[in-house]
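As structure tokens, the structure follows; a few thoughts come after it.
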Amino acid sequence: MTEPKKQASPGFEMCAGGIECAPGEVHPWHKPAMPTQEQFKSSPAYPVIVTPNPMATKQAIDGTADPQYAVPINQGPVTINSAFFEGIMEIHLKGLPNSQKAVFDGKKRHFQIMCQGRFKRPMSAAALCMGQEFVKPGQGPSWVADMLFNAAAKVFSNSTQVDVAAELPYFMNPVLAACQMVNVSRAGSAPGLAEAQEDMSLFSPALADKNGKPVSAAKRKKWCDVPKNLEGLMLDTEHVYTFHIWQHFIDFSAYKFSVGGLCNLDLAGPLNGQPLQLTVYDTKAKEHMFSMLVWHERLLYDPARLANMQAAQAVAEKLSKLGTGLKWLLGGSK
């Protein structure tokens with residue numbers, strides 16, 4: 001007989017780890033990284049601060065494991081050393097005082113991550129995923145969360161793993177099926193971090209054309225989006241791997257989520273005190289390649305946050321009235 005699910009005390013929510021949290025409170029697993037309001041005010045990327053995720057216990061950024069470290073964004077590369085990867089990473093977010101125009105001009109994207117380095121151990125290609133894990137329930141009906149998870153996941157791949165009912169609700173996408181550029185090079189001949197071009201011909205002959213030239217990123221994503229194609233394939237320790245990741249649905253500078261003008265949701269309320277993540281994860285070994293928390297001042301210190309949470313509930317109710325058509329459009333019927 002299964003144990004009945006533990007219920008939270010009145011006025012609290014049951015969160016990951018069986019921990020009770022107040023609505024809007026930062027989960028204890030994230031709290032070591034929580035910025036102060038003074039840190040937000042002095043941030044060159046105000047109103048945003050990016051910190052390491054304390055749940056990624058084996059990573060060091062720029063040589064430190066301090067969860068309070070403000071990871072430089074829009075400022076060039078940082079070093080990363082984690083459980084199974086070592087290299088450099090550069091994070092760019094649009095719409096901030098220090099955003100670099102050249103990165104975003106003429107492009108739809110709201111963020112871009114570039115990462116380059118070598119794996120410390122052979123890594124299952126199918127298990128290397130990127131996405132979000134959540135430690136608290138969101139605000140609003142569960143089907144709305146399911147719809148938003150599927151909508152966000154649908155941006156990247158068809159082989160998305162989504163579970164809004166898990167202890168840690170998540171969506172994860174295989175990196176090779178989702179990220180916009182992957183380059184595999186021999187050690188000593190790797191391209192510059194920003195200059196790298198799509199080339200996975202050293203990873204699999206299937207990702208080269210009949211002349212031995214690399215196939216396009218679109219063809220690589222389509223091929224890697226078929227699970228059986230990645231079965232048994234490993235990312236090795238000999239080559240240098242470069243990844244470019246970007247998307248245009250989440251605006252971190254405003255903390256808003258938008259889908260084609262049909263859904264424009266302020267995330268400060270619905271996220272319920274938990275920051276968005278920039279995460280790449282080994283779903284088999286349960287280890288992080290890297291994981292960053294993207295904090296926004298309004299998520300923590302907005303005087304109107306309670307009103308925002310109530311507004312989020314109202315938005316969810318309005319979305320409910322739109323019926324199954326919108327759910328299907330945003331991926332809820334997957």
Side-chain angles (χ1 to χ4, degrees), residues 26-36 38-46 48-93 96-100 103 111-123 128-133 175 179 182-185 187-196 235-246 252 275-282 285-296:
V26 175
H27 193 286
W29 294 352
H30 286 164
K31 196 165 285 186
M34 175 179 165
T36 66
E38 291 71 25
Q39 287 171 323
F40 275 111
K41 296 299 185 186
S42 62
S43 169
Y46 178 81
V48 169
I49 290 178
V50 176
T51 68
N53 184 352
M55 295 172 65
T57 57
K58 298 179 181 179
Q59 76 174 357
I61 307 299
D62 280 344
T64 180
D66 181 3
Q68 280 275 311
Y69 179 61
V71 179
I73 54 177
N74 301 324
Q75 298 181 54
V78 299
T79 63
I80 179 166
N81 193 346
S82 64
F84 59 93
F85 186 83
E86 184 171 8
I88 58 174
M89 177 175 61
E90 190 167 324
I91 302 172
H92 289 271
L93 303 181
L96 300 173
N98 66 346
S99 297
Q100 297 183 22
V103 175
F111 85 78
Q112 176 172 301
I113 302 173
M114 299 180 289
C115 183
Q116 183 179 80
R118 296 171 72 169
F119 292 97
K120 297 179 178 181
R121 58 167 168 80
M123 174 68 223
L128 188 67
C129 291
M130 63 187 194
Q132 302 274 326
E133 288 180 310
V175 166
C179 73
V182 186
N183 179 282
V184 184
S185 299
S189 60
L193 179 62
E195 291 74 33
L235 304 167
D236 63 29
T237 60
E238 304 301 318
H239 291 97
V240 177
Y241 293 82
T242 308
F243 304 94
H244 289 184
I245 303 166
W246 62 79
F252 289 98
L276 291 164
Q277 298 175 23
L278 305 173
T279 291
V280 174
Y281 188 64
D282 181 343
K286 308 299 183 186
E287 293 181 323
H288 294 87
M289 177 171 153
F290 62 79
S291 184
M292 309 297 154
L293 302 179
V294 184
W295 304 86
H296 195 286

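For the numbers below, each heavy atom of this structure counts, side chains included, while hydrogens, waters and symmetry mates do not.
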Next item on the list: List the steps, then state whether side-chain hydrogen bond (donor to acceptor under 3.5 Å, both in side chains) holds for Ser82 with Gln59.
Entry: CA-CA 4 Å; Ser82 64; Gln59 76 174 357; over 6 Å; no
Checklist line | Working for side chain to side chain contact (heavy atoms under 4.5 Å, CB included), residues Ile73 and Leu96 | finding: CA-CA 10 Å; Ile73 54 177; Leu96 300 173; 4.0 Å; yes
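Ser189 places no side-chain N or O within donor-acceptor distance of the main-chain N or O of Ser185, the cut-off being under 3.5 Å. Remark: side-chain polar atoms of Ser43 are paired, donor with acceptor, to backbone N or O of Val48 under 3.5 angstrom. Looking only at distances, a side-chain donor or acceptor of Gln116 sits under 3.5 Å from a matching main-chain atom of Pro191. Under a 3.5 Å cut-off, the side chain of His30 and the backbone N or O of Met55 do not form any donor-acceptor pair.
In this view, Asn98 and Asn74 satisfy the side-chain hydrogen bond (donor to acceptor under 3.5 Å, both in side chains) rule, not counting sequence neighbours. Under the side-chain contact (heavy atoms from CB on, under 4.5 Å) criterion, Pro54 pairs with Pro32, Ala33, Pro67, Leu293, sequence neighbours left out. Under the side-chain contact (heavy atoms from CB on, under 4.5 Å) criterion, Ser291 pairs with Asn53, Ala56, Gln277, Thr279, His288, sequence neighbours left out. Listed by chain and residue number, Tyr69, Pro72, Val78, Thr79 satisfy the side-chain contact (heavy atoms from CB on, under 4.5 Å) test with Asp62 (two or more places apart in sequence, or in another chain). Under the side-chain contact (heavy atoms from CB on, under 4.5 Å) criterion, Thr237 pairs with Pro122, not counting sequence neighbours.
Residue pairs meeting the salt bridge (charged side-chain N to carboxylate O under 4.0 Å, His left out) criterion with at least one partner in residues 111-123, sequence neighbours excluded, are Arg121-Asp282, Arg121-Glu287.
Applying ring pair (Phe, Tyr, Trp, His ring centres under 6.0 Å) to Tyr241 and the options Phe85, Phe84, Phe119 leaves one that passes, Phe119.
The OG1 atom of Thr242 sits 10.5 Å away from the CE atom of Met114 when rounded to the nearest 0.5 Å.
Annotation: Glu238, atom CD; neighbour count of heavy atoms from other residues, nucleotides and ligands within 6.0 Å does not exceed 12.
Here the side chains of Gln39 and Gln68 are in contact, with some heavy-atom distance below 4.5 Å.
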